[in-house]
Amino acid sequence: MSADVPPENGIAHAIAQIDAATDESAFCAAVGAARMVIALEIRARTPEATLAAAWSEALQRSIDTAARLVADGTNPGWTWFVSGSVARGEAAPGSDIETLLAVDDEVDADGKTHLMELAARVHAMLERSGIGGDANGVLASRGRFCRRAANWFEGIERWCANPPEDRGVVMVGLMADSQGIGTGSSLPDNALRSENADCAHRHYPIRLAMLQDAVAMRAGFPSRLKIFATQSDTVDLKIAAIDPVVKIARWAALSAGSDALATTDRLDVASAARILDPDDASTLRDCFGWLLRFRWRSRAGAWQDGQHMSDTISLSALAPQERAVLRTIAREIAGIRRKLIYLSSTSSFR
């Protein structure tokens with residue numbers, strides 16, 4: 001951590017305080033302290049990748065502690081998983097959390113309902129501490145994301161074998177990003193992720209479907225002509241630039257048979273396995289690193305002031321150099337996207 005932050009006030013101490021919380025008041029105070037330490041580190045210009053990893057860990061430990069407090073010293077027979085950017089170690093200021101729950105196979109229907117009610121209480125406590133749940137509803141308190149362990153494994157096989165069924169691409173993506181949390185868990189931290197990687201490697205349909213999803217055009221950076229015609233120069237940074245890199249890396253790692261979690265690790269694995277051209281993997285790695293740094297900088301002020309955060313940015317509000325870099329990144333990603341579309345049409349990844 002930065003030399004400007006005393007060791008006793010560092011993120012490791014803040015996370016230890018989250019782990020040690022014995023009631024909700026102490027828990028909320030510890031989460032607030034962790035947020036304050038990260039804010040100090042932002043001002044001290046600590047590398048954004050370091051901040052993302054630290055904040056991701058703080059969020060994971062917060063879920064574990066909230067679950068422990070709600071369980072009140074009992075062993076409910078559950079294993080909590082987190083997914084998305086928090087699991088990958090890439091959380092940004094204000095990132096919400098995606099959670100999954102694996103219930104022990106011995107738990108009956110009434111017991112599962114009870115665990116879902118407890119999970120809702122966990123998320124309520126997290127909300128009160130300032131940690132929001134996933135806006136798209138990937139929450140352990142919902143039946144779709146609370147399953148017995150055996151049902152999770154059966155689902156993984158079904159989603160990989162028949163991607164159009166039951167939103168297979170979305171579910172396999174969640175499994176690929178899953179990371180277990182909690183010292184009392186009955187499943188290994190990578191249980192869902194490892195099973196998912198093995199299954200995806202055996203089933204070409206899911207790999208093809210995930211590639212098609214990764215290269216689908218959803219949004220882009222507006223051209224100068226479009227800006228002139230519409231008088232609008234806003235762009236959603238996450239949809240236009242971050243998600244494509246994350247999805248390409250996820251698909252490429254699964255195609256290599258890997259359960260790697262971080263986006264940069266996935267790109268390295270894909271390059272080594274020649275799923276991605278090494279130069280393309282290096283380009284995506286550089287793009288992702290710049291985007292992560294930019295996202296942290298653009299969100300930091302609003303986060304520290306307790307204001308609403310958004311990935312929608314106005315190009316005219318950026319410095320000319322930042323606009324130029326963003327447009328270059330958009331072109332680089334688009335070029336790799338077109339290349340992957342062509343290669344997929346030739347069955348190069350079968």
Side-chain angles (χ1 to χ4, degrees), residues 1-2 11 35 37-59 84-97 132 135 177 214 217-224 226-227 232-250 261-268 280-337:
M1 303 298 288
S2 167
I11 188 63
R35 190 179 289 108
V37 170
I38 294 292
L40 290 172
E41 290 299 297
I42 292 172
R43 290 196 287 272
R45 298 189 179 279
T46 297
E48 286 79 3
T50 301
L51 298 178
W55 185 234
S56 297
E57 182 180 358
L59 291 174
S85 63
V86 176
R88 298 192 306 269
E90 300 161 2
S95 287
D96 54 19
I97 51 173
D177 285 1
M217 178 60 74
R218 294 173 179 81
F221 285 78
S223 67
R224 291 174 178 83
K226 184 175 182 180
I227 291 173
S232 174
D233 68 344
T234 58
V235 61
D236 188 310
L237 185 70
K238 185 172 186 293
I239 294 176
I242 296 174
D243 278 354
V245 180
V246 168
K247 289 185 175 185
I248 289 172
R250 183 188 294 132
L261 194 52
T263 296
T264 52
D265 291 344
R266 287 170 169 172
L267 292 171
D268 289 344
D280 290 344
S282 178
T283 296
L284 291 174
R285 205 180 200 283
D286 291 344
C287 289
F288 183 76
W290 193 92
L291 289 166
L292 186 146
R293 293 190 296 272
F294 178 83
R295 195 181 190 205
W296 266 83
R297 291 196 303 271
S298 63
R299 280 174 165 246
W303 191 52
Q304 293 174 52
D305 295 339
Q307 299 175 356
H308 174 70
M309 283 160 288
S310 172
D311 284 313
T312 300
I313 58 173
S314 170
L315 296 178
S316 62
L318 303 178
Q321 183 179 4
E322 288 179 326
R323 283 200 303 273
V325 173
L326 279 172
R327 289 195 178 280
T328 298
I329 286 175
R331 286 194 297 269
E332 294 283 6
I333 295 173
I336 294 172
R337 169 184 167 271

Quick one: pull up [atom1] in [X] and [atom2] in [Y] and give me the separation to the nearest 0.5 Å.
{"X": "T234", "Y": "L315", "atom1": "OG1", "atom2": "CG", "result": "8.0 Å"}
{"X": "F288", "Y": "T263", "atom1": "CZ", "atom2": "OG1", "result": "4.0 Å"}
{"X": "F294", "Y": "L318", "atom1": "CZ", "atom2": "CG", "result": "4.5 Å"}
{"X": "I248", "Y": "L267", "atom1": "CD1", "atom2": "CG", "result": "8.5 Å"}
{"X": "E332", "Y": "L284", "atom1": "CD", "atom2": "CG", "result": "8.5 Å"}
{"X": "L291", "Y": "E48", "atom1": "CG", "atom2": "CD", "result": "12.0 Å"}

I want to check something: taking the side chain as every heavy atom from C-beta on, are [X] and [Y] in contact at a cut-off of under 4.5 Å?
{"X": "L261", "Y": "R266", "answer": "yes"}
{"X": "W55", "Y": "P93", "answer": "no"}
{"X": "R297", "Y": "E322", "answer": "yes"}

Which heavy atom in [X] sits nearest to a heavy atom in [Y], and how many Å separate them?
{"X": "L59", "Y": "A91", "answer": "CD1-CB, 4.1 Å"}
{"X": "S85", "Y": "S56", "answer": "O-OG, 3.9 Å"}
{"X": "I11", "Y": "V37", "answer": "N-CG1, 3.5 Å"}
{"X": "V325", "Y": "W290", "answer": "CG1-CE2, 3.3 Å"}

The test is side chain to side chain contact (heavy atoms under 4.5 Å, CB included); show your working for L326 and I313 and say whether it passes.
CA-CA 11 Å; L326 279 172; I313 58 173; 3.8 Å; yes
Looking at residues at least two apart in the chain, or sitting in another chain, which of them share a salt bridge (charged side-chain N to carboxylate O under 4.0 Å, His left out) with [X]?
{"X": "R35", "answer": "none"}
{"X": "D311", "answer": "R295, R299"}
{"X": "R88", "answer": "E90, D177"}

Sub-3.5 Å donor-acceptor pair from the side chain of T46 to the main-chain atoms of I42, do we have one?
no
Would R285 and S282 count as having a side-chain donor-acceptor pair, cut-off 3.5 Å?
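No, no side-chain donor-acceptor pair sits under 3.5 Å.
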